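Notes to accompany the following structure.
Values in this document were obtained by computation on a predicted structure and should not be read as measured data. Each chain gets a letter, A, B and so on, in the order its sequence line appears, and its residues count up from 1.
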Amino acid sequence: MTGQGRGFDWGAFGRGFRVMVPLWAGVVPFAVAYAVTARAGGLSVWETCLMSVTVFAGASQFAAAGQFVGGGVPGVAAALALVGTTFVLNARHVLYGLSLSRQLPLSRWQRAVTAQFLTDETYGMVLVAGPRDPGGLSVGFLLGAELSLFAAWNTATLLGALAGAVLPDPDALGVGVIFPLAFLGLLVPLLVGRAALLVALVSGLGAWGLGRVLPGGLVVLLVGVGGALLGALISTRRAEGRA
Amino acid sequence: MSGWLIILLMWAVTYAARFVGLSLGRLELPPFWLAFLRFVPVSVFAALIVPDVLGSPEWARRLIGVTVGGALLWRTRNLALGILGGFAAYWAARLLGA
């Protein structure tokens, strides 16, 4: 039970679980806002919860919820654009996985399980707090941290989805403004340096302009990729200039 | 396309990204693609925010809401405070007839 044997290290699991508790305050309001937006967009309570259990990636869930808004369930082209945006948005998890697997050897089964629950917050916290744990960075600690956030995220989703079911007309409540506000909360901490500011400005205004001629989901996908290419071009050019 | 099918496709692409990263071990990505992945959230989030504010029939109120919310977020980095403050500003503008 202490990690020496072949048994699962529940001690490390508990410590990993607890290390994420302070972050619950950040994810709970976001999950509630996601659930209310998804319900307002026409997703059922169980679809809203299914997305939190399976996809379990806040920003892309919220982005998808926003695409459902208004028109209800999208057509095939819009749906594929939505899945494409999800992929582009979550491709960064490849980096977290690469980084984690370098410091923590995982068996195939451990990879299969820990992959499901990997998020930005858990990656960041485990990388910092994991090595300081008495047992070092371990599978138990990683899984504890992951499931801590998973529990909070899904509980808050369920409560938000149920609240959304009894709330009156979303327009009357003005909850539409919650969507841009929540994404602003994610964007603001990323606006470090001129390149990021420029990418945000060009992408935001570009999406607004393109939105007049193209469907919304496709715009987000095109501008998302285009803006990131622009940022990569600027930052790697600058790095070469310095070298 | 039905809601649950879209959700399962979203799950598939997200899980794939997580699993591939954990499985590739020591692969080194070129700096360009590392930077690309870093900028994706910046461009996508901005592309979600701006049309939702400026393209809305109630764009003036929403602009007031996100300006106040953005300022609060910039100063405090507190997500809940930014959302609640921005929502309050939006409602103040709405009640005042903006």
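Using a 4.5 Å cut-off on side-chain heavy atoms (C-beta onward), A:Val177 and B:Arg61 make no contact. Proximity of B:Trp74 to A:Leu184: side-chain heavy atoms (C-beta onward) are nowhere separated by under 4.5 Å. For the pair B:Phe39 and A:Ser235, the minimum side-chain heavy-atom distance is below 4.5 Å. Looking at B:Pro41 and A:Leu190, their side chains come closer than 4.5 Å, going by heavy atoms from C-beta outward. Under the 4.5 Å side-chain criterion, counting only non-hydrogen atoms from C-beta, B:Phe36 is in contact with A:Val225.
Minimum heavy-atom separation, B:Ile7 to A:Met51: CG2-CA, 3.7 Å. Nearest heavy-atom pair, B:Met10 versus A:Gln61, reported as atom, atom and distance to 0.1 Å: CE-CA, 4.5 Å. The two residues B:Leu37 and A:Ala91 have their closest heavy-atom pair at CD2-CB, 3.7 Å. Shown here for B:Arg77 and A:Pro189, the closest heavy-atom pair between the two residues is NH1-CA, 3.8 Å. The heavy-atom pair separating A:Trp208 from B:Gly55 by the smallest distance is NE1-N, 3.8 Å.
When A:Leu98, A:Thr236, A:Asn90 are compared by the number of non-hydrogen pairs under 4.5 Å with chain B, A:Leu98 comes out ahead. Taking B:Leu9, B:Val20, B:Leu54 one by one and counting their heavy-atom pairs under 4.5 Å with chain A, the maximum is reached by B:Leu54. With respect to chain B, the highest number of heavy-atom pairs below 4.5 Å among A:Phe62, A:Trp46, A:Phe179, A:Phe30 belongs to A:Phe179. The greatest number of non-hydrogen atom pairs below 4.5 Å with chain B, out of A:Leu205, A:Leu210, A:Val220, is found for A:Val220. Counting heavy-atom pairs closer than 4.5 Å to chain B, the top-ranked of the candidates A:Ala33, A:Ala59, A:Ala196 is A:Ala196.
Without hydrogens or angle criteria, B:Ser43 side chain to A:Gly224 main chain gives a donor-acceptor distance under 3.5 Å.
Both the backbone and the side chain of A:Val188 have a heavy atom closer than 4.5 Å to some heavy atom of chain B. In this structure, chain A has heavy atoms under 4.5 Å from both the backbone and the side chain of B:Val40. Residue contact with chain B, scored on non-hydrogen atoms closer than 4.5 Å, involves the side chain of A:Leu95 exclusively. For A:Ala195, the parts lying near chain B are the backbone and the side chain together; criterion is any non-hydrogen pair under 4.5 Å. Residue B:Arg62 touches chain A through both its backbone and its side chain, counting heavy-atom pairs closer than 4.5 Å. Both the backbone and the side chain of A:Pro180 come within contact range of chain B, each with at least one heavy atom under 4.5 Å from a heavy atom of that chain. Heavy-atom distances place the side chain of A:Leu106, and not its backbone, under 4.5 Å from chain B. Heavy-atom distances place the side chain of B:Leu29, and not its backbone, under 4.5 Å from chain A. Both the backbone and the side chain of A:Leu233 come within less than 4.5 Å of a heavy atom in chain B. Only the side chain of B:Tyr90 has a heavy atom closer than 4.5 Å to any heavy atom of chain A. Neither the backbone nor the side chain of A:Ser44 comes within contact range of chain B, judged by heavy atoms closer than 4.5 Å.
Pairs of residues two or more places apart, or lying in two chains, that qualify as side-chain hydrogen bond (donor to acceptor under 3.5 Å, both in side chains) and include a residue from residues 115-124 of chain A are A:Arg92-A:Asp120, A:Tyr96-A:Asp120, A:Ser99-A:Tyr123, A:Gln116-B:Trp11, A:Thr119-A:Thr122.
Considering A:Thr86, A:Val55, A:Leu89 as possible partners of B:Val13, the one that fulfils the side chain to side chain contact (heavy atoms under 4.5 Å, CB included) test is A:Thr86. Of the listed residues (A:Val192, A:Leu197, A:Val199, A:Leu186), just one forms a side chain to side chain contact (heavy atoms under 4.5 Å, CB included) with B:Val42, and that residue is A:Val199.
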